[in-house]
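Values below: all heavy atoms of this structure, side chains included; hydrogens, waters and symmetry mates excluded. Just so we're clear, the structure is a prediction, and the values are computed from it rather than from any experiment.
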Amino acid sequence: MTSFVELLGLFLLLMLPFLYETNHIFRYYFKFLMYYGIVSFNSIVLIPAFLTRPCDVRNLLWASTWCHRVSTLIGLRWELRGKEHLAKDQACIIVANHQSSLDVLGMFNIWHVMNKCTVVAKRELFYAWPFGLAAWLAGLIFIDRVRGEKARETLNDVNRRIKKQRIKLWVFPEGTRRNTGELHPFKKGAFHMAIDQQIPILPVVFSSYCTFLNDKKKILNAGRIVITTLPPVSTEGLTKDDIDVLMERVRAQMIETFKLTSAEALQRYKPLKKGGIPALAAASASSASSASASNATKTVATSATPVADAAVAAAAAVASNSSAYGQPPGYGAGAAKASLLKTL
């Protein structure tokens, strides 16, 4: 005779597809559970392999090979532009905007292009085992943000090593992840490091997540993200006195690219019903997608206005009738209206 527990388990199993399709809160937690669960499982599996060459940044290539398919499972697609800049065999400081822990999935999808690359992370992540232990064995750099002097000593040691071994160092200069549809002020650490060793800054820009992610409302839908690598910014001949100018120059380039690619991503968010994105938006998206990352700043100057105008119209449609775009009611007001209308 079938027990009550077995029947209950079967009922819950049969309910999973229904809850996934009809309840955005359940879908949000289920996707993140899959993400963290698979990464943690892979960490356990890979730790013995990492022990054969501990703290070697090449271990991260193994990790990305095992983990990059998580994006497909949760419905995220990544498009890399400016691959030639990222693939160049050189020591550099990569500065990227930070919106969510989903950024890591984007990194997993491009790690094979970067080859030798490691990341600066907060010390607290080391204690999130098994991921933290695997990350340390894979060569991640953990710093104690509370003890500033100790953090500087760690980064100085790392700085000398990355130049000698031609390693790319990935830094999130905003410090904290915030999915607000804009780039926040940068901290100076990455720019100090680049000038100290006279190595280039390589800006990397993730387009906005606001079309598919809203943490406050617990929404995580399928989404497409453009990752744009801009041309490297030289630091040769610069001194500590040039840090502020360098930082603002890089941030301005990243903001312009962020606006352009975020507008394009929103335009491709096709409605399920008639109406929605104007024809101008589709034309602008087509032209923007064909532009290469090397002339991204030029493209901004010539086409940002029509692209932004079309995106504003689309964002307004999402805000007024989010269900037409496959979003649950109430989504647009939090993400599209508050963030994209303000930014674009």
Side-chain angles (χ1 to χ4, degrees), residues 57-58 60-61 64 78-98 103 106-120 139 141 155-156 158-175 183-207 225-262 288 291-301 304:
V57 298
R58 293 174 299 171
L60 287 165
L61 290 170
S64 67
W78 308 86
E79 177 187 342
L80 175 61
R81 299 177 183 173
K83 178 180 178 180
E84 67 276 11
H85 304 306
L86 205 59
K88 190 175 181 181
D89 184 19
Q90 65 174 355
C92 64
I93 306 293
I94 298 175
V95 292
N97 56 317
H98 196 15
D103 296 341
M107 295 167 69
F108 282 150
N109 274 264
I110 63 174
W111 224 297
H112 66 284
V113 178
M114 299 186 290
N115 194 15
K116 293 188 297 183
C117 179
T118 188
V119 184
V120 172
I141 311 301
L155 292 176
N156 287 336
V158 170
N159 214 16
R160 287 186 288 270
R161 182 164 66 93
I162 65 172
K163 184 174 183 179
K164 182 179 179 181
Q165 300 178 9
R166 290 189 295 186
I167 296 172
K168 299 176 180 70
L169 181 65
W170 188 295
V171 180
F172 293 110
E174 293 170 289
L183 267 69
H184 294 267
F186 287 176
K187 300 182 184 299
K188 297 181 180 181
F191 302 90
H192 272 285
M193 295 175 68
I195 289 179
D196 182 56
Q197 292 296 321
Q198 297 287 283
I199 56 179
I201 295 282
L202 192 64
V204 173
V205 183
F206 289 71
S207 61
I225 307 96
V226 177
I227 305 175
T228 307
T229 306
L230 299 176
V233 179
S234 175
T235 61
E236 289 186 13
L238 299 184
T239 66
K240 303 295 184 183
D241 295 332
D242 301 310
I243 285 180
D244 289 336
V245 174
L246 174 66
M247 184 170 62
E248 288 307 313
R249 175 188 169 194
V250 171
R251 184 169 179 268
Q253 291 180 2
M254 293 177 66
I255 288 174
E256 293 291 357
T257 303
F258 179 79
K259 289 181 179 180
L260 182 66
T261 55
S262 298
S292 64
S294 60
N295 61 7
T297 54
K298 295 180 182 178
T299 304
V300 170

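- Between Lys116 and Lys168, the closest side-chain pair of non-hydrogen atoms is not below 4.5 Å.
- When all heavy atoms are compared, the tightest approach of Met254 to Val204 is CE-O, 3.5 Å.
- For Trp78 (side chain) and Met107 (main-chain N/O), no donor-acceptor pair under 3.5 Å exists by modelled atom type.
- The two atoms that bring Met193 and Leu169 nearest to each other are CE-CD2, 3.2 Å, heavy atoms only.
- The salt bridge (charged side-chain N to carboxylate O under 4.0 Å, His left out) search around Arg166 returns Asp89, not counting sequence neighbours.
- The shortest distance between side-chain heavy atoms of Ile162 and Ile93 falls below 4.5 Å.
- If you run ring pair (Phe, Tyr, Trp, His ring centres under 6.0 Å) between His98 and each of Phe206, Phe172, Phe186, only Phe172 comes through.
- Closest heavy-atom contact between Pro231 and Pro203: O-CD, 3.7 Å.
- For Arg249, there are no salt bridge (charged side-chain N to carboxylate O under 4.0 Å, His left out) partners, not counting sequence neighbours.
- Every residue two or more places apart in sequence or in another chain was checked for a side-chain hydrogen bond (donor to acceptor under 3.5 Å, both in side chains) with Asp196, and none qualifies.
- Here the closest heavy-atom approach between residue Ala96 and residue Trp170 is recorded as CB-CZ2, 3.5 Å.
- Side-chain contact check for Asn159 versus Ile199: some heavy-atom pair is nearer than 4.5 Å.
- For Thr118 (side chain) and Gly139 (main-chain N/O), a donor-acceptor pair under 3.5 Å exists by modelled atom type.
- Counting only heavy atoms from C-beta outward, the side chains of Thr229 and Ile94 never approach each other to under 4.5 Å.
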